[in-house]
Trainee: 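Below are the structure tokens for one structure; questions will follow.
Each chain gets a letter, A, B and so on, in the order the sequences are listed, and its residues count up from 1. For clarity, every value in this text was computed on a predicted model and none was experimentally measured.
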There are 2 protein chains.
Amino acid sequence: MTKELRARVGGIITELGYMPDPSARSMRSKVSRLIGIVIPDLTNPFFAELVQSAEQAAANHGCNIIVMTSFDHAAKEADRIRQLTSRKVDGIILVPSNDFHTLKLPKGLPIVVVDRLMPGYSGIAADHRRGVRLGVEHLLKLGHRRIGFISGPKHSVPANDRLRGYLDAMEQTDGGTRAAEAPLIAEAAFDYESGRSAGNYLLARARSERPTAIFASSDQQAIGCMRAAHDLGIPIPAALSIVGFDGIPLASMTTPRLATVKQPIEEMAAAAVAILLNKQTAPELDKPILFACEFLTGETTAPPQPD
Amino acid sequence: MTKELRARVGGIITELGYMPDPSARSMRSKVSRLIGIVIPDLTNPFFAELVQSAEQAAANHGCNIIVMTSFDHAAKEADRIRQLTSRKVDGIILVPSNDFHTLKLPKGLPIVVVDRLMPGYSGIAADHRRGVRLGVEHLLKLGHRRIGFISGPKHSVPANDRLRGYLDAMEQTDGGTRAAEAPLIAEAAFDYESGRSAGNYLLARARSERPTAIFASSDQQAIGCMRAAHDLGIPIPAALSIVGFDGIPLASMTTPRLATVKQPIEEMAAAAVAILLNKQTAPELDKPILFACEFLTGETTAPPQPD
DNA sequence: TTGTAGGCGTTATCAA
DNA sequence: TTGATAACGCCTACAA
């Protein structure tokens, strides 16, 4: 009986188009099946992909995503988090704004901080340090020794991790000798234009002193840097190898195709959602989960030319 | 008494951090203060900006946004719309997927279709036709006569509007004479790579026959076309003027800075939200609201060189 | 003006 | 297992 009845009820439910009311449901069960995500800027392709992946992951768990943009503005961010709290979302995925300082996040509401880790909160990020190291090691293996680095903004946590990855690789001893020469670093914002001027800066020296390869901390920087090299008449990859970081779609559309280190955005988003929904145990507070990056070969790297 | 009491209660409310429960609220009032937005692809900067602007506009009305991506897949799109319906959102902003055909949208739930207009639904879009005309007229005024056009995909509604704008401008009579020569059209997808090959196609002819200017139906196409010109050794804007369409942030970051026709995304998003919340009257079903585009000068246009 | 009761649509809980 | 009932938190309407 149960079986047949069950089927008949199910049939009639769809027939009548009945759908349970989420408000009533959530009022009784204390679960909203809603997840908030607060990011600095949706027009940044990295965050856009993060949101998109989170939406997919959430949908797989029967949840929906409320997006909010903080515009990297701490006050707006605080306001949005308050809104989400009052909405009684089941959890929040937060990429903190850069001028984030002393924001007190509501206790009792699960929060996962992504990408820009913060002490005291469960965090998920790509392993920027090892990721960059992968890319720089690729250049070292090709034979490059004068490898320039375009860094991110000084106070950005991921930027510093990337810088450390570069320094790790540059300092690694190879049979007792240092693998590479002294670091050549240019600090810049993560965007295209900053990458271009950083590239100009690194390349504006005599051929025997200028880097034969440059690692950029973002794909946008790398693309800007390609532009700079091009304008200086430096052929890529013949006279200059370039590697980027992030693995945004644009990277595969440049000419030549940019070699880059890809962050596993989709996996990170899925993990964040799973943690918030208790499908996966949250990382300990100051032990973020780090996701391995992957080096993607492209057409922008080659062995160095002799001076 | 009322006044003082009111103030004191207000004070205590904030002091205790009391916030009304939206579920209970919505259960009684039948209003969820939630708006759904379904777009084909969040990594497309145009849609990302649309979502971001919608979020801002919604926040100004005390509403929040649930985002969903259809990946241009009709089935997924239908599923997402069903989800939003069962969520009892107050309205849906929809950019239909391209393989959209016979989807029946739920009656009784306010829907505004944006950008890719559909007969039978309230629509909002940029006035692509006049926008393109603006850009092409700019080229005509500079003295160009052989103006190429990179079109969008054949079955895309906005692509066809843009094409008509180009034809409008090319056919306009100027003191009795046709202002321009026969149209030179290359069909392409809206992305970078397609723009590049379309550019190659248009520019692969003798100098006296090749266009002195090209209007591209998207900024990404325009950037790809710049690339093609560059690879062919054609200097921009000296030997070739280029104008794009959309006005995405990337357009102002190219070298030289791309001239483009900007869609008023923010205004369109605000209008869509306002209509859904009944702050603005919806357009009649087959009379979409068209928003004027704006021509943004750049460094990619100049008068044509003599042959 | 102030207070109270009822109901929105679920689901948890308790009784049978 | 099944069925009945109460309670979730807010809002509105009506009574005092």
Trainee: Please report, rounded to the nearest Å, how far the P atom of dC8(C) is from the NZ atom of Lys88(B).
Mentor: 14 Å

Trainee: Flag the pair Asp72(A) and Arg116(A) as a salt bridge only when some basic side-chain nitrogen lies within less than 4.0 angstrom of an acidic carboxylate oxygen.
Mentor: yes

Trainee: Is the CZ atom of Arg130(A) crowded by more than 12 outside heavy atoms at less than 6.0 Å?
Mentor: no

Trainee: Arg25(B) CZ to dT12(D) C1': how many Å, rounded?
Mentor: 14 Å

Trainee: For Gln56(A), I'd like to know if atom CD has over 12 heavy atoms of other residues, nucleotides or ligands within 6.0 Å.
Mentor: yes

Trainee: Whole Å only: how far is the CE atom of Met19(A) from the P atom of dT11(C)?
Mentor: 14 Å

Trainee: Between Lys76(B) and Asp79(B), is the closest basic N to carboxylate O distance under 4.0 Å?
Mentor: no

Trainee: Ignoring the backbone of Met27(A), work out which of dC10(D), dT10(C), dC8(D) is nearest its side chain.
Mentor: dC8(D)

Trainee: Distance check needed: dA7(D) C1' versus Asp21(B) CG, whole Å only.
Mentor: 13 Å

Trainee: Can you find an N or O donor on one side and an acceptor on the other, under 3.5 Å apart, linking the side chain of Arg28(A) with the base of dT11(C)?
Mentor: yes

Trainee: Taking NZ from Lys30(B) and P from dT10(C), how many angstroms apart are they, rounded to a whole number?
Mentor: 9 Å

